Amino acid sequence: MLVDLDYFYAQCEEKRDPSIKEKPVVVSVYSGRTEDSGVVSTANYIAREYGVRSGIPISVAKSRLREVDAVFLPVDHAFYDEMSEKVMVILRSYADRFEEVGIDEAYLDVTERAGRDYGAATEIARDMKGEVKAHLGLTCSIGIAPNKVVAKIAADVNKPDGLTVVKPDAMREFLNPLPVGSLIGVGKKTEDRMKAMGIGTIGDLAQIDEKTLIDTFGQKLGSYFRRAANGIDDTPVQERGERLSVSRISTLKEDTRDLKAISRLSDRLCDDIYSMLIERNLGFTSIAVVAITRDLAVHTKSKTLERPSDRPEILRNTATALLSELLDELELPVRRVGVRVSGLAKAETPNKRLTDFT
DNA sequence: GTATGCTTTCGGC
DNA sequence: TTACGGCCGAAAGCATAC
C-alpha cells in the first residue's frame with residue numbers, strides 16, 4: 001500500500017495553529033527577490049477551490065484569493081521534518097517492509113501480516129489512519145493494490161482522507177480510463193509526447209507494442225510504461241539507503257551575468273553544503289552547478305574529481321569555475337544558481353583531525 | 001557489442 | 001497575458017575501454 005499525507009505542509013500548519021483551518025492556507029517558498037516572488041509549495045483544499053495549486057507563482061495565488069481571508073505562510077522545513085518523523089514511526093510499525101519515499105509518503109508491504117487478504121489489509125489501513133489521526137491529528141490517503149505502481153495511483157484517486165482498494169481482478173477496469181499522466185514517471189513532457197501519438201489513457205498505452213515504446217522512450221522507460229500500463233510491477237518495497245547527493249539552490253537578488261555576484265552566491269551555497277558534509281563526515285567526488293537564466297531555462301555543468309575530496313576550497317573553486325564556463329556558453333542573464341555534490345563517501349579520518357591537519 | 005563512467009535533463013514532491 | 005522554488009533520484013545521452 002501507499003500512504004500519502006494530505007496537503008502535508010499546509011496540514012502541518014493547521015496543526016500548529018488550528019485557527020487557520022477554516023480559511024485558505026497557502027504555504028510558499030519566498031525567493032526574497034520582491035515581496036511576493038516565489039511559488040506555492042502546498043495549499044489546503046479550501047485554497048485549491050480557488051485554483052491555487054503547487055508550483056504557481058505566489059502573485060497568482062494572491063490574485064486568485066484577493067477577495068478572501070486567506071493565510072499565506074513561508075515553508076518551515078524543520079517543523080515538517082519533525083512531524084514527518086513522528087508519522088513515519090507509526091507507519092513503519094504497521095509494515096512487514098517499509099519504504100519512505102518523500103517527506104510525506106511511504107510504501108508499506110503488508111502482504112504477510114494481512115495473510116494476502118485485501119479485507120485484512122484494509123483493516124490495517126483503517127487502524128493506521130486512526131492512530132495517525134489520534135496521535136498527530138493528521139489525515140492521509142491510502143491506496144491498496146497488488147503492487148506499488150497501482151497502489152500509488154489508487155491513493156491519488158480519492159483524496160483527502162481517502163482509502164482506495166484495487167484488487168487484482170479489478171486492475172484493468174481501474175487503470176484503463178485514467179489519463180496517462182496518472183502514471184508515476186509520466187510528467188508534462190512525456191504526456192504531451194504520448195498525446196501526439198494518440199495515447200491519452202492508460203488503456204491506450206497498454207495496447208501499444210513494446211518495441212514502439214522502447215524506440216520512443218528508451219529501453220528502461222519504454223518497458224516500464226508497457227508493464228505499468230498493464231498493472232505489472234514487481235519492484236519490492238524496500239528501505240532506501242543513504243542519500244546520494246546534496247544540493248542547494250537560490251535565487252539572485254537580481255538577474256546578472258557578473259561572475260563576482262554569481263560566485264558570491266555560489267560560495268554561500270557551497271559553505272552550506274560543506275557544513276552538511278562535515279556533520280555527516282562525508283567527502284564528495286562530483287560537483288555540479290546549475291544556472292537558471294531569465295527565461296527560466298535550466299543549464300548545468302559538472303565535474304568529477306579523480307578521488308573524493310573533503311576540502312571546502314575545492315568545492316568553492318570548482319563550483320565557481322564551472323559557473324564561469326557555463327556563463328560563457330549562455331547569453332541571457334542568470335536568475336538562479338545552484339550547486340550539487342554527489343559521489344558521497346565516508347571520510348576516512350574523523351572530522352576534527354581533518355579540519356586540523358589537511 | 002557490452003560494460004562502465006560521466007554529464008545533462010526530466011519528473012516528483 | 002504575465003507572473004516562477006528548492007530539493008531529491010533516475011534515466012538518457014554520450015564517450016571510452018575492451
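Lettering follows sequence order; numbering is per chain, from 1. Worth knowing before you read on, the calculation uses all heavy atoms, side chains too, and leaves out hydrogens, waters and symmetry mates. Being a predicted model, the structure only gives us computed values, none of them experimental.
A nucleotide of DNA chain B counts as in contact with chain A when one of its atoms lies under 4.0 Å from a heavy atom; the first and last such, 5' to 3', are B:dC6 to B:dC13.
Counting non-hydrogen atoms under 4.0 angstrom, A:Leu183 reaches the backbone sugars and phosphates but no base. Residue A:Thr190 is classed as a sugar-phosphate contact, given heavy-atom separations below 4.0 Å to backbone atoms only. As judged by a 4.0 angstrom heavy-atom cut-off over every strand, A:Thr251 is placed among residues touching the sugar-phosphate backbone only. Residue contacts for A:Arg335: at a heavy-atom cut-off of 4.0 Å it reaches the sugar-phosphate backbone alone, with no base atom in range. Nucleic acid contact class of A:Val75 (heavy atoms, under 4.0 Å, all strands): none. Here A:Lys62 lies out of heavy-atom contact (under 4.0 Å) with every strand.
Every salt bridge (Lys or Arg N to Asp or Glu O under 4.0 Å) that A:Asp109 has, sequence neighbours left out, goes to A:Arg97. Qualifying side chain to side chain donor-acceptor pair (under 3.5 Å) partners for A:Ser19, counting only residues two or more places apart in sequence or in other chains: A:Asp17. By the side chain to side chain donor-acceptor pair (under 3.5 Å) test, A:Asp255 pairs with A:Arg33, A:Arg294, sequence neighbours left out.
Only A:Asp104, A:Glu105, listed by number, bring a heavy atom of residues 98-105 of chain A to less than 4.0 angstrom from any atom of DNA chain B.
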If the sugar-phosphate is the primed atoms plus P, OP1 and OP2 and the base is the rest, what is the B/S/- string for nucleotides 10-18 of chain C, using protein heavy atoms under 4.0 Å? BSS------
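Side chains of A:Asp36 and A:Ser59: no donor on one and acceptor on the other come within 3.5 Å. One side chain, A:Glu14 or A:Asn44, offers a donor N or O that lies under 3.5 Å from an acceptor on the other.
For A:Pro57, counting side-chain heavy atoms from C-beta on, the closest listed nucleotide (C:dA3, C:dG9, C:dG5) is C:dA3.
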List the steps, then state whether side-chain hydrogen bond (donor to acceptor under 3.5 Å, both in side chains) holds for A:Tyr224 with A:Gln219. CA-CA 8 Å; A:Tyr224 160 72; A:Gln219 180 64 49; over 6 Å; no
